[in-house]
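Quantities reported herein were computed from a predicted structural model and do not represent experimental measurements. Computation of the quantities below employed the complete heavy-atom set of this structure, encompassing side-chain atoms and omitting hydrogens, waters and symmetry-equivalent molecules. Numbering of ligands and ligand atoms starts at 1, following listing order.
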Amino acid sequence: MIGRRRFLGAAAGSLALAACEAPSSSASHIGGGFEGIDMARGHALRDGSLAGKAPQESRRTRVVIAGGGVAGLAAARALRLAGIEDFVLLELEDEPGGNSRGTAVKGVPCPMGAHYLPVPGDDAREVQDLLEELGLRRRVAGRWEYDERHLCHSPQERLFFEGRWQEGLLPVQGVPAGTLAQYQRFDSLVESLRRREHFAIPMARSALGPGQLALDAQPFDAWLDQQGLDDPHLRWYLDYCCRDDYGAGSEAVSAWAGIHYFASRHGFHAPGSAADESPERDAVLTWAEGNGWLTRRLAEPLGAQRVLCGQVVMRISQGRSGVEVDVFDAGRRALVRWQAEHCIVALPIFLAARVVESPPDFLRRAAATLRHAPWLVANVHLGAPLADRPGAAPSWDNVLYGTRGLGYVDAGHQRLDPTPRETVISWYRPLGPSRHDAGIDGRRLLLERPWTAWRDELLAELSAAHPDLAGLATRIQITRYGHAMAIPAPGLLAQLGGRPQRLVREGRVAFAHADWSGYSIFEEAFSRGHWAGTAVAGRPAV
Ligand SMILES: Cc1cc2nc3c(=O)[nH]c(=O)nc-3n(C[C@H](O)[C@H](O)[C@H](O)COP(=O)(O)OP(=O)(O)OC[C@H]3O[C@@H](n4cnc5c(N)ncnc54)[C@H](O)[C@@H]3O)c2cc1C
């Protein structure tokens with residue numbers, strides 16, 4: 001039962017959210033609903049109704065992979081690369097891919113969650129290998145080139161600011177000289193930290209020295225205050241970046257996370273800086289169905305006999321000679337016991353701690369420490385392209401200054417045929433702690449709010465830039481993620497051990513999930529899956 005104070009806080013938050021919603025009458029023609037996550041399946045684990053029941057059948061394999069997100073799929077690929085074919089991947093939902101699945105609305109493909117992969121840097125060797133294998137990257141005349149069809153087409157991003165669209169996401173049109181000066185100063189600070197410390201993706205390749213641990217110890221906002229970086233436009237942009245990558249605002253994540261976002265990639269680009277002019281800046285790969293393009297390719301070679309969906313992993317127990325994995329097969333409503341030599345637990349940490357019997361101390365501690373941001377993604381089918389406000393042209397990523405949501409990406413942006421036609425726009429709504437959502441309980445809202453309330457919120461928000469949105473929308477499909485991604489809160493790296501470990505393992509059980517990096521992106525999940533699969537196959541990690 002929730003306490004009165006929390007209830008009042010959540011209720012006040014709901015009212016505040018309700019106040020900014022459009023009247024739903026103008027939207028009543030739009031069909032839609034929730035999709036993608038079977039909450040009852042996920043909660044079967046928590047309610048304990050199946051606990052202690054005897055399995056009805058027993059099966060044997062060499063390796064069980066529990067969880068079929070990016071990490072689980074990467075582990076499966078690593079096993080195959082090592083010549084191991086005798087394994088199963090057990091996935092809760094009806095399709096593997098986890099937060100990186102694709103979907104379609106009225107036949108138009110679109111992302112259900114993750115939608116892009118930045119061109120990987122030199123530390124992300126495992127991801128580079130994958131992209132080569134998939135034909136996305138190849139060496140031409142001594143240089144690496146990426147397949148133009150999958151690099152995000154131009155224009156990539158724009159911001160609706162002061163009633164017009166401007167290119168890029170950093171507010172620049174008409175901002176005062178003081179704002180530009182603070183952009184420059186933040187740029188220089190990131191650059192000097194980048195030279196001094198190695199901020200790597202995947203983070204396990206960082207040398208987490210005292211400098212990075214000092215950043216980890218404090219909130220990003222506090223660090224910015226100390227540097228005298230108080231310009232509201234700069235602060236809006238940095239907060240937006242934190243909500244975009246971590247699902248939580250700049251007051252809730254560590255300064256390490258705030259800096260890592262820029263220093264591990266191509267830096268921060270103050271207008272006019274050398275980095276701002278670089279053609280390499282912000283190159284990203286994207287597809288109509290988002291990173292679902294990648295997860296489908298990872299799943300394809302495994303085949304239906306090895307990827308088993310609708311499987312709720314309930315209990316993992318290791319003995320001296322093997323591992324037992326008890327699973328509820330939701331399709332057949334049967335309890336199955338798998339016997340294996342090894343298990344790779346590619347589940348979020350809080351679930352791993354629940355299903356692994358007698359969890360090791362490091363797992364228990366990590367589960368007690370780590371908090372997850374809830375998220376919501378709404379895919380809106382449009383019968384025709386949106387009319388536009390003045391300024392920069394429609395882009396792949398379209399952000400509105402000062403809103404709770406993160407704007408939208410256009411699933412039709414990568415089409416090679418420019419004929420204007422129906423499309424799907426994907427609205428991203430983080431629900432972790434943030435000053436934009438003071439007093440709300442995001443997870444509870446996800447459980448309790450009807451889909452029409454999210455519809456109205458998104459229409460109210462995006463209509464500022466597109467007044468014709470409600471008229472053109474024909475269907476809205478919404479995916480709710482209760483525990484979408486780890487929040488890299490202050491002190492988290494120190495609490496997770498202070499030393500980035502590539503392989504997290506206890507006997508016959510290896511752990512692989514983006515959570516073990518303290519924040520969630522494709523590269524982290526993929527590398528961890530790869531390392532776990534390689535280790536279980538008995539190969540030295542490179
Ligand atoms: C809305 C959203 C947008 C994002 N956008 C991006 C982006 O654009 N780019 C990017 O790089 N990253 C993005 N991310 C981060 C994304 O989380 C990672 O890229 C990656 O998909 C994480 O993979 P994972 O395997 O670590 O975790 P998960 O995706 O959490 O995979 C865990 C898997 O375990 C399954 N599972 C859970 N419980 C059980 C059980 N009991 N039994 C069996 N299976 C179970 C789940 O269904 C899931 O498939 C986004 C995340 C969200 C939520």
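Under 4.0 Å from ligand 1, not a single heavy atom of Val355 appears. Residue-level proximity to ligand 1 for Trp375 is carried by the side chain, the only part with a heavy atom below 4.0 angstrom.
In this structure, the salt bridge (charged side-chain N to carboxylate O under 4.0 Å, His left out) partners of Arg194, at least two apart in sequence or on a different chain, are Glu191.
In terms of polar-atom proximity, defined here as any N/O pair under 3.5 Å, Asp515 makes no such contact with ligand 1. For a threshold of 3.5 Å applied to N or O pairs, the pair formed by Phe522 and ligand 1 contains at least one separation below that value. An N or O contact shorter than 3.5 Å links His513 to ligand 1 by distance. Residue contacts with ligand 1: Tyr428 is placed with no nitrogen or oxygen under 3.5 Å of a nitrogen or oxygen of the ligand (distance criterion only). Annotation: Gly97 places no N or O atom under 3.5 Å from an N or O atom of ligand 1; distance criterion only. By the 3.5 Å distance cut-off applied to N or O atoms, Val313 is counted among the residues near ligand 1.
Of the charged side-chain nitrogens involved, at least one lies within less than 4.0 Å of a carboxylate oxygen, so that Arg435 and Asp239 count as a salt-bridged pair.
Scanning all protein heavy atoms for the shortest distance to atom 26 (O) of ligand 1 gives Ala514 N, 2.9 Å.
Distances from atom 43 (C) of ligand 1 to the heavy atoms of Glu93, Gln311, Glu523 put Gln311 nearest.
Applying the ring-ring contact (aromatic ring centres under 6.0 Å, His included) definition to pairs two or more places apart or across chains, those involving residues 116-137 are Tyr116-Trp396.
The side-chain tip of Arg449 does not point at the ring of Trp451 from less than 6.0 angstrom away and within 45° of straight on.
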